[in-house]
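Order of the sequence lines sets the chain letters (A, B, ...), proteins ahead of strands, with each chain counted from 1. Given the structure is predicted, the values throughout are model-derived calculations rather than measurements. Computed over heavy atoms, backbone and side chain alike; hydrogens, waters and symmetry mates excluded.
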Amino acid sequence: MQEYDPKAIEPKWQKIWADDPSYARAGDGSSKKKSYILVEFPFPSGAGLHTGHVRSYTALDALVRKRRAQGENVLYPMGWDAFGLPTESYAIKTGRNPHEVTKENIAVYKKQMQMLGISFDWSREINTSDPNYYKWTQWIFLQLYKNDLAYKTRTTINWCPKDKIGLANEEVVGGCCERCGTPVEKREREQWMLAITKYAQRLYDDLDIVDFIPAVTAGQKNWIAPSKGAEIEFKIKDQESGIKVFTTRPDTLFGATYLVLAPEHEFLQSLVTSHKSLENKEEVVRYVEQTKTKTDIERQALGKEKTGVKLEGIVAINPANGVEIPMFIADYVLGGYGTGAIMAVPAHDERDFDFAKKYNIPVVQVIETSESLPYSGDGTLINSGKFDGLSTEEAKEKITKHVGSAITTTYRLRDWVFSRQRYWGEPIPMISCEKCGWVPVPEGELPVVLPPVEKYEPTDSGDSPLSQMHEWVNTTCPKCGGKAKRETDVMPNWAGSSWYYIRYTDPKNNEALADKKNMKEWLPVDLYNGGMEHTTLHLLYSRFWHKFLYDIGVVPTLEPYARRLSHGFVLGEDGEKMSKSLGNVVNPDEVVERFGADALRTYEMFMGPYDQMIAWSTNGLVGIRRFLERVWKLSEKVADDVDESLDVKRVLHATIKKVSGDIEAMKFNTAVSSLMILTNSLEELPFVPREWYNTLLLLLAPFAPHITEELWGVIGNTGRQHEASWPALDEEALKGGSVMIAVQVSGKVRGTVEASRGASEEEVFEAAKAMPAVAKWLGNSSVKRRIYIQDRILNIIPE
RNA sequence: GCCGGAGUGGCGGAAUGGUAUACGCGCACGACUCAAAAUCGUGUCUCGAAAGGGAUGAGGGUUCGAGUCCCUCCUCCGGCACCA
């Protein structure tokens, strides 16, 4: 027989599969059980696939292949998240057209996926930068607009000076641009916003009806972060208006000895322009300006030492006791959270305490404690008038009521900044008319196609390159027919990916994002695999869009994804994150060249628990290659009409059970190891019954589809391996044979007895008593108690 | 600080509360070979001559029995973080 040569057999089968129009196809309207398995579609960069892609694509491919073999109707699609900054940057750098760059990169990615033998349904391939696709992304935007969930407003945004682009909150990581790591600056701009905060509570609550891994659930909950508290109004002396503050500790209201406004607070505007009694206007204005120029990093780096400016001449009144208290502005109060203003209770808040110390503000203790101040725990109220003696819990409600307020919920989540001043994205389908204001592009005119431009560079003014396309920009108002201009900002790269899983159910539909029938058949996605880095980005955004689409009657389910999990990163051989600078990057192309796609796939499944980070090991890969060689050689022993060893048959069926269960439980490493155990057992035999070898191939196929397809034919089976059914488990075959039973005396193992599987306690006990070691430990004492676990252990407790 | 995850051989790791270290890697020895590679076989937690004892980050607890459950800690990784 020939040597195992993956370089020959893998391309051969890949070609056959690619040419087969029915291979790996999901059927619409099938009566079979449906399974919608989704892995995040990649952004097709110039770098190509990495080992992490291989891990997740293969894992889900294994599950998919197993379920198909079990007769399920499986949808396992793939597509391209093609819009986005990296392509645009690359295009600018190389002076090329992003359309072309994208096309080329997609070709590379697709080729690599086929080289790995991933069984995607290529008939449903989608591309977010295709006008037939983004027509519907734009359509969804219009629906959001019509339902008051999209609005344009002038706001302070996070600006990445390197990428020259505005960022959503979710795209700022530790004060830096999520993509390039540059510290973000604050800029004021007109921006399209999506009111995701209106869905905050539902996005939070409905995490209970989906099955996400704990880290994702926790990550989203932390990000949305509902916080129960009260909005309390403080009147300003000699003024009609007041300042609303948000506090989670209304019980400490009597201890509020000053008020702090964020430097962004709108009250300051009127204060510096019209308020006569503000005595230090210049100082205040200077501080506000200073804050604006600081990046978040700078603002937080100096965080330990708090700064602020007193609003001289302005006095607020504590609504609980009528005491006059000073007001400050300070950048430790954030403009975007709560009301942008706080009541400061230095006795019971560390930050307020620090600030009060620095500015000599009185500290009034209102919660009893033996600990030193500041004390932020619960306790009994003091110095709080008629509320003295109440617990913090009771006082929260009563004091809130006393000042005429009510308990409300505030979220950490902010509205989604949806404009990008860039070229390579979906045009926002809005028109600005001098007379009518913002007017949506009529749905019949979608898509608003991204026009070709000469230059893709972002402008220093912060405007999109599209703004220079005067022919495109200048248009007429759909409402009044007057002069109007198109919106030149484009959507963020998170737009197209927010609904792509819907499009896969009906990718070529021109009348709707997808036919209702198809959505009903396939949604929700049964299993969704993707990166942890998308917890508060893509995953949150798409849940928001989906809920909105549900509300307007477009999609049939409350949630897009029933289950979400994540694969662990593949680290370099040195245990560090793979990076060019460390020179520890493993290139899948080279691994396939040296070891074959099946070895790479199977190794990545075997290397460790799927959800755990793990270091690459070329030695480990060698072990897998050896294993595949052994399976290959084993085919020489295949024979008909041979005596079946019941012991090996037992191993065979135990393996069917184990592999079936482990693939469903995403425990691929132990599934592969059990296949090795089976192979070891079969190697012991002089001849291997054909049926058993076929079973081995069928169980191995989800991991190593090429070698199994080849061997299927080599040993003379008709048809294709991938069309054969998943092996059936024979529970009877698991029975019989003998087992080693551990015999314990007082919980300590003192020996083992061989017994037939399913032996009774008495039988085992009699055998155990006869053992010298056991007899020795038992001595003359009588047996007080026996614990017998079938086929496992007998524990004898002497008197 | 808050939240999530994880600590088991030389290494990756396995183990429904039931013989800890499966499977793989590495290593050692042996076979084949002029030799090497490849392949095959045997061995491989630790102390002990043996009988036995000790080991799953540390310390307690529950249990006939704990890597697994409970409590108190320690360490590492990841996320959020002046969120009032």
Side-chain angles (χ1 to χ4, degrees), chain A residues 173-175 213-223 225-227 229 245-249 252 256 260 262 296 299-300 302-304 306 330-334 336-345 348-352 354-355 376 410-414 532-533 535-536 566 568-569 571 575 603 606-609 611-624 626-627 629-630 633 667 669-680 683 739-752 773 776 784-798:
Chain A
V173 176
I213 48 171
V216 170
T217 306
Q220 293 210 343
K221 285 192 170 177
N222 281 339
W223 191 257
S227 183
V245 304
F246 175 74
T247 179
T248 56
R249 294 296 301 270
T252 62
V260 191
D296 277 1
R299 195 163 158 172
Q300 279 161 26
L302 310 162
K304 300 272 150 55
K306 298 204 183 338
D331 66 5
Y332 82 92
V333 174
L334 306 172
Y337 183 76
T339 61
I342 61 155
M343 64 175 213
V345 184
H348 305 292
D349 183 281
E350 207 175 315
R351 297 154 301 184
D352 298 345
D354 291 347
F355 193 82
S376 55
T410 288
Y411 302 89
R412 211 196 75 129
L413 183 72
R414 312 286 156 84
M532 284 306 300
E533 70 276 16
T535 300
T536 57
S566 256
F569 278 113
L571 304 172
Y603 167 63
F606 181 64
M607 67 198 303
D611 57 358
Q612 219 164 283
M613 255 200 297
I614 200 139
W616 181 266
S617 159
T618 301
N619 274 333
L621 187 59
V622 168
I624 291 292
R626 273 182 208 151
F627 165 61
E629 301 266 8
R630 280 167 44 209
K633 277 202 195 111
K667 290 165 75 175
N669 53 334
T670 48
V672 174
S673 83
S674 70
L675 287 166
M676 291 172 170
I677 293 169
L678 174 61
T679 304
N680 292 344
E683 279 177 335
V739 285
M740 296 303 283
I741 294 176
V743 180
Q744 297 184 333
V745 179
S746 302
K748 285 221 180 271
V749 178
R750 296 300 176 192
T752 55
K776 174 184 153 194
K784 181 176 147 199
R785 197 179 155 194
R786 294 193 314 231
I787 296 116
Y788 179 59
I789 305 297
Q790 188 77 65
D791 300 334
R792 288 273 187 182
I793 206 161
L794 174 69
N795 189 4
I796 303 165
I797 316 296

In whole Å, measure the gap between the C1' atoms of B/C74 and B/C27 for me.
33 Å
Gap between atoms CD and C1', on A/Q790 and B/G17 respectively (whole Å)
17 Å
Return the pairing partner of B/A31 with a 3.5 Å limit on both distances, Watson-Crick or G-U wobble; otherwise return none.
B/U39
Here's a test of your reading of the structure: between A/A615 and A/G747, which maps to the more 5' nucleotide of RNA chain B?
A/A615
For B/A38 versus B/A22, give the span between their P atoms, rounded off to a whole number of Å.
24 Å
Any-strand Watson-Crick or G-U partner of B/U56, both distances under 3.5 Å:
none
Nucleotide of B/A51, B/C82, B/A81 approaching A/R412 most closely (side-chain heavy atoms)
B/A81
When rounded to the nearest 0.5 Å, the distance separating OH of A/Y788 from CD1 of A/I796 is 12.0 Å
Length of the CE-P vector between A/M343 and B/A84, whole Å:
12 Å
How far does the P atom of B/C69 sit from the matching atom of B/U44, given to the nearest Å?
31 Å
Is the count of non-hydrogen atoms from other residues, nucleotides or ligands lying under 6.0 Å from A/K784 atom NZ greater than 12?
no
Per A/V749 side chain, nearest of listed nucleotides B/A15, B/A22, B/U19:
B/U19
With heavy atoms under 4.0 Å as the rule, sort A/L334 into base, sugar-phosphate or nothing.
base
For the student: nearest non-hydrogen atoms of A/I614 and A/M607, plus distance:
CD1-O, 3.0 Å
Pairwise C1' distance, B/A6 and B/G54 [rounded to whole Å]:
26 Å
Please determine whether a side-chain nitrogen or oxygen atom of A/R785 lies at a distance below 4.0 Å from atom OP1 or OP2 of B/C64.
yes
Think A/K748 has a side-chain N or O under 4.0 angstrom from the OP1 or OP2 of B/G18?
no
Looking at the side chain of A/I787, which of B/G53, B/C64, B/G24 is the nearest nucleotide?
B/C64
What form does the base of B/G60 take, syn (within 90° of 0) or anti?
anti
Do the ring planes of A/F355 and A/Y332 sit parallel (below 30°), tilted (30 to 60°) or perpendicular (above 60°)?
tilted
Between B/A14 and A/N669, is there an OP1 or OP2 to side-chain N/O distance shorter than 4.0 Å?
yes
Between the base of B/C82 and the side chain of A/K306, is one N or O donor paired with an acceptor at under 3.5 angstrom?
yes
Rounding to a whole Å, what distance do you find between A/R792:CZ and B/A66:C1'?
15 Å
So what does A/R626 hit on the nucleic acid, given a heavy-atom distance under 4.0 Å: a base, only sugar-phosphate, or nothing?
sugar-phosphate
Nearest-nucleotide pick for A/N222, side chain only, options being B/C3, B/A22, B/U16
B/C3
What nucleotide among B/U19, B/U16, B/C23 has an atom nearest to a side-chain atom of A/I789?
B/U16
Nearest-angstrom distance from the residue atom CD of A/Q744 to P of B/U63:
17 Å
I need the CH2-P distance between A/W223 and B/G4, as an integer number of Å.
18 Å
Close side-chain approach of A/L621 to A/W616, heavy-atom, < 4.5 Å
yes
Heavy-atom pair of closest approach, residues A/G336 and A/R414
O-NE, 3.2 Å
With heavy atoms under 4.0 Å as the rule, sort A/M740 into base, sugar-phosphate or nothing.
base
B/G18 to B/G12 separation - C1' atoms, rounded to the nearest Å
27 Å
Mind checking A/Q612 for me? I need base, sugar-phosphate or nothing, with any heavy atom below 4.0 Å counting as a touch.
sugar-phosphate
Taking a pair as Watson-Crick or G-U wobble with both distances under 3.5 Å, which nucleotide is matched to B/U44?
B/G26
Under a 3.5 Å cut-off for both contacts, is B/G65 paired Watson-Crick or G-U wobble with anything, and if yes, with which nucleotide?
none
What does A/N619 touch in the nucleic acid at a heavy-atom separation under 4.0 angstrom: a base, only the sugar-phosphate, or nothing?
sugar-phosphate
Below 4.0 Å: OP1/OP2 of B/G53 and any side-chain N or O of A/R750:
yes
CD/A/Q790: more than 12 non-hydrogen atoms of other groups inside 6.0 Å:
yes
Contact class for A/V333 vs. all strands (heavy atom < 4.0 Å): base, sugar-phosphate, or nothing?
base
Going by purine N1 to pyrimidine N3 plus the second Watson-Crick contact, or the G-U wobble pair, all under 3.5 Å, which nucleotide sits opposite B/U75?
B/A6
If you count the non-hydrogen atoms of other residues, nucleotides and ligands that lie under 6.0 Å from CZ in A/F569, is the total more than 12?
no
Please give the distance between the P atoms of B/G61 and B/A66 as a whole number of Å.
12 Å
Is A/R630 near enough to B/U39 that one of its side-chain N or O atoms lies under 4.0 angstrom from OP1 or OP2?
no
Between B/G1 atom C1' and A/D354 atom CG, what is the distance in whole Å?
14 Å
Have a look at A/A215 and say if it touches a base, only the backbone sugar-phosphate, or nothing, with a 4.0 Å heavy-atom cut-off.
sugar-phosphate
Under 4.0 Å, heavy atoms only, any strand: does A/S617 hit a base, just the sugar-phosphate, or nothing?
nothing
Taking any heavy-atom pair under 4.0 Å as a contact, classify A/D352: base, sugar-phosphate, or nothing.
nothing
Quick one: is A/R786 getting a side-chain N or O under 4.0 Å of the B/C64 phosphate, OP1 or OP2?
no
Of the listed nucleotides B/C23, B/G18, B/A84, the one nearest the side chain of A/T247:
B/A84
Using atom CD of A/E533 as one end and atom C1' of B/C80 as the other, report the distance to the nearest whole Å.
16 Å
Select base, sugar-phosphate, or nothing to describe what A/I797 touches, counting heavy atoms under 4.0 Å on all strands.
sugar-phosphate
Suppose you measure atom P in B/G7 against the same atom in B/G13; what distance do you get, rounded to whole Å?
9 Å
Measure the CG-OG1 distance between A/L794 and A/T752 for me, rounded to the nearest 0.5 Å.
12.0 Å
May I ask you to say what A/N680 touches in the nucleic acid, namely base, sugar-phosphate or nothing, with a heavy-atom cut-off under 4.0 Å?
sugar-phosphate
Reckon A/I614 touches a base, only the sugar-phosphate, or nothing at all at heavy-atom distances under 4.0 Å?
sugar-phosphate
Where the side chain of A/A218 is defined as all heavy atoms beyond and including C-beta, which of B/G4, B/C80, B/G18 is the nearest nucleotide?
B/G4
B/C45 versus B/G67 - spacing of their C1' atoms, nearest Å:
15 Å
Rounded interatomic separation in angstrom, taking CG from A/D349 and C1' from B/A81:
14 Å
Mind checking A/G338 for me? I need base, sugar-phosphate or nothing, with any heavy atom below 4.0 Å counting as a touch.
nothing
Let me know, please, whether A/E683 or A/I741 comes out on the 5' side of the other along RNA chain B by nearest nucleotide.
A/I741
Identify which one of A/V745, A/V749, A/V743, A/I787 satisfies the side chain to side chain contact (heavy atoms under 4.5 Å, CB included) criterion when paired with A/N795.
A/I787
Of the nucleotides B/C82, B/C25, B/A84, which has the atom closest to the A/Y332 side chain?
B/C82
